[in-house]
Every structure is written in C-alpha cells, then in structure tokens.
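Computed from a predicted structure; not experimentally measured. Numbering of ligands and ligand atoms starts at 1, following listing order.
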Amino acid sequence: MPRIEIALSQIEHNTRVLCQRYGSQGISLMGVSKATLGDPAIARAMVQGGVQFIADSRIENIQRMKIAGVKTQFVLLRSALGQAEQTVLNADISLNTEWETIAKLSHYGVMHNRIHQIIVMVEMGDLREGLLPRDLPNLIQSVIALPNLKLVGLGCNLACYGGVKPDALKMQEFSELTIAIETEFNLKLSIISGGNSANYEWFEAAERLGEVGRINNLRLGESILLGREAANREIIPGLYTQAFQLMAEVIESKDKPSMPYGDRCQDSFGNSPVFENRGDRQRVIVALGKQDTLVAGLGVETGFEILGSSSDHVILDHGMAGLARCAIGSAVRFDLDYGSLLAAMTSPFVQKKFVS
Ligand SMILES: *Cc1c(COP(=O)(O)O)cnc(C)c1O
C-alpha cells in the first residue's frame with residue numbers, strides 16, 4: 001500500500017452501456033485512457049466494451065498500449081510539433097490545431113510511407129484548443145492539399161478549461177459549421193467529435209428529440225472510468241462509480257486534541273490553516289500524501305473524515321476519543337475523482353492491482 005484496486009469488469013460494463021446508449025443515436029466512442037497512464041489492461045477492457053478507438057493525450061501512453069498488444073485505432077488527443085514523427089509512427093489519428101504541426105505530420109507521413117489521419121479541433125468558446133471558426137476554411141484548404149495526410153473529421157472540446165457547457169446551441173453551431181465546411185470543400189467527414197464526458201446532458205435531451213445533428217463521436221474518459229458525467233458530476237444511471245478504489249495503510253492511530261497548540265506559523269505548503277475545536281478525537285494517519293494523489297479529490301469510507309494532508313501523510317478524524325481504535329496496519333478505503341485518479345495512476349508509489 002498505497003494501492004489502487006481496479007475492477008476491469010466494471011470498466012468494461014460502463015463502456016458497454018455507454019457504447020449502446022450513444023450508439024443508438026449513431027455516436028461512436030473513443031475511450032480516453034490518459035487518466036490511467038495508458039494502462040493496457042484498462043484499454044483492453046474499453047475495447048472489449050465496444051469502443052472503436054482509444055484516445056490518449058500522451059504519445060508515450062499510446063506506445064505503451066501498442067507494445068502491450070492492444071489492438072484498436074489509436075488517437076492522439078494533443079499534438080506537438082516536436083513529436084510529429086512519433087505521432088505518425090504510433091497514432092492512427094491525431095487532433096490538431098496548428099498548420100506547422102500538420103505540415104510536419106505530412107512530411108513524416110511521406111518519409112515513412114504512411115497515411116496519417118487528422119481531426120481538426122475547432123474553438124467553440126471554452127478557450128482551450130481549437131481554431132476560431134473564421135480561420136477554419138483557410139486551414140482546411142491547405143490541409144487537403146498535403147500528401148500522406150487525410151482529414152477525417154472535426155472536433156470540439158468544451159467544459160475543460162473555461163467551464164463552458166456543451167449545450168444544444170453549441171452542438172448545433174458545431175454541426176452547422178461541419179456542414180458548411182463539407183459543402184464548401186465538397187468533403188464527407190467521417191468523424192464529427194462533439195466533446196467529452198460533459199456532453200451527457202446535451203445527449204440526454206438530443207436523444208429524446210432524436211436530434212444529435214452531425215455529431216457522430218464523443219471522447220469519453222471520466223464517464224467510462226468513474227460512471228459520471230462531467231458537467232455536474234452526476235452519476236450516469238446503470239454505471240459503476242467505484243471501479244477504482246485507493247487503499248492506504250494506517251500508520252498511526254491515537255486519541256489527540258483537535259486543536260494544534262503553540263505559537264502558529266505557516267504549514268509546509270505555505271497555508272495558514274484554521275481548525276475547529278472538537279475536543280479530544282481519535283486521529284488516524286494513513287501512509288498516503290500529496291505525492292501520491294490529489295487529496296482534495298478523495299472521498300473516504302464511512303466512519304472517517306479527511307482533516308488534511310501533507311506530502312506523505314493524510315490525517316483522518318475517526319470519531320470520539322476513548323472508543324475502539326483503528327488497528328495499525330489496517331487499510332482505509334478511498335473513492336477518487338478524476339483528478340485524484342489521474343495523479344494516483346501516475347504515481348510510482350501507488351501499486352496497481354486488478355480485482356474481480
Ligand atoms: C481528456 C480529454 C477528453 C476526455 O475527457 P473526459 O471528461 O474524461 O471524458 C476528451 N477530449 C480531449 C481533447 C481530452 O483531452
């Protein structure tokens with residue numbers, strides 16, 4: 001410990017339910033693996049569950065999955081000029097916004113005799129990646145002339161940086177933009193990727209009305225892995241929300257006062273924390289810290305409350321003093337949000353264990 005317990009069957013189940021649900025409206029899914037450090041077993045569970053693509057933001061993660069023998073189409077979510085050659089060699093498709101990078105992908109496509117596919121990302125207001133719609137026609141015109149490169153689609157991404165909702169209006173604008181581009185350049189684009197796990201609310205309404213427009217793909221990480229949509233963090237009916245559980249070992253368990261005593265200064269992270277006096281309490285320390293995960297995104301099992309953390313300790317309240325102590329060496333279980341999962345899966349200190 002610490003270790004993260006991963007129920008692959010639950011991830012596969014979530015993927016299957018989402019593939020059926022979105023698939024009923026003609027929407028294919030990319031399973032997004034970046035929060036799992038491109039774990040091959042998790043990618044395989046997503047492929048088993050029915051995704052047609054595995055998408056990751058890191059080329060290193062895609063390489064890891066390919067070496068492990070995961071068979072699917074790989075999509076690189078974040079392109080970089082400096083990784084253009086690796087991208088052509090390892091990814092089938094990449095998401096792009098910059099001419100220089102796209103031209104380099106074509107260059108390496110020619111050099112390695114491969115056809116690289118690209119999806120061009122459009123800015124719809126969230127202000128992370130994407131071209132402004134007015135700049136799109138110029139880029140498309142140049143891109144379709146490049147050798148060994150195939151423009152296969154358009155994409156947009158909302159609710160990531162600016163917290164802008166992928167609502168019906170945004171999706172309609174994106175659909176219309178797609179149709180305008182297809183008409184102007186006499187193209188038929190095969191992947192119109194309307195967003196991520198935050199698109200669920202839009203989809204629910206669009207599903208009822210049978211009006212998904214030209215959107216025929218979504219890129220889902222959080223919904224598959226944690227069973228939640230990402231606009232309000234609501235649970236998606238029928239999905240598992242605890243496919244990942246973080247276990248940490250109890251290393252201290254004592255009755256202590258709840259108020260620090262002595263002259264006060266800053267804590268080790270430059271904060272001046274405030275405390276509530278609850279009298280003497282049973283306090284538990286687990287061997288887990290900011291080095292291992294994003295502690296603010298953890299939820300602890302019933303009977304405990306997270307009081308705070310430092311680099312290597314999480315301090316828990318375990319009820320009134322004088323009652324039965326929590327045993328040294330026992331495990332405390334935590335739920336993770338997307339940020340905690342991302343950090344825990346990336347930590348070399350957190351062991352990964354598959355459970356049935
Ligand atoms: C991470 C990422 C996703 C997946 O987002 P979730 O909210 O986990 O579904 C989709 N698209 C892009 C471009 C991403 O970087």
Scan the side chains in residues 110-117 for donor-acceptor partners under 3.5 Å anywhere in the protein, sequence neighbours excluded, and list what turns up.
from, atom 1, to, atom 2, distance (Å)
H112, NE2, E85, OE2, 2.7
R114, NH1, L89, O, 3.2
H116, ND1, A91, O, 3.4
H116, NE2, S94, OG, 2.7

Under 4.0 Å from one or more heavy atoms of N157, ligand 1 contributes atoms 11 (N), 12 (C), 13 (C)
Heavy-atom donor-acceptor pair, N14 side chain to I224 backbone, under 3.5 Å
yes
Salt-bridge criterion met for D56 and K34 (N-O under 4.0 Å)
no
Name each donor-acceptor pair under 3.5 Å that joins a side chain in residues 72-81 to protein atoms two or more places apart or in another chain, with its distance.
from, atom 1, to, atom 2, distance (Å)
T72, OG1, Q52, O, 3.4
S79, OG, L95, O, 2.7
S79, OG, N96, OD1, 3.0

To atom 1 (C) of ligand 1, the nearest of R219, M30, K34 on a heavy-atom basis is K34
Got a sec: does the NZ of K290 have more than 12 other heavy atoms crowding it under 6.0 Å?
yes
Check: A198 N/O within less than 3.5 Å of ligand 1 N/O:
no
Would you say ligand 1 has an N or O under 3.5 Å from any N or O of E222?
yes
Only heavy atoms of S197, strictly under 4.0 Å: list the atoms of ligand 1 that pass.
6 (P), 7 (O), 9 (O)
Taking non-hydrogen atoms only, is R128 closer than 4.0 angstrom to ligand 1 via side chain, backbone, both or neither?
side chain
Under 6.0 Å from the NZ atom of K165, do we count more than 12 heavy atoms belonging to anything else shown?
no
Verify the neighbour count for atom OH of Y161: are there more than 12 heavy atoms of other residues, nucleotides or ligands below 6.0 Å?
no
Within the 4.0 Å heavy-atom shell around E129, which atoms of ligand 1 are there?
13 (C)
Distance, nearest 0.5 Å, that separates CG of D267 from OG of S272
7.0 Å
For ligand 1, is there an N or O atom under 3.5 Å from any N or O atom of S223?
no
Assess M121 for proximity to ligand 1: is some non-hydrogen atom of it under 4.0 Å away?
no
Need the ligand 1 atom indices (1-based, order shown) with element for anything under 4.0 Å from a heavy-atom of L220.
9 (O)
May I ask you to identify the nearest protein heavy atom to atom 5 (O) of ligand 1, giving residue, atom name and distance to one decimal place in Å?
N196 CB, 3.5 Å
Going by the atom numbers of ligand 1, which of them fall below 4.0 Å from some non-hydrogen atom of Y338?
8 (O)
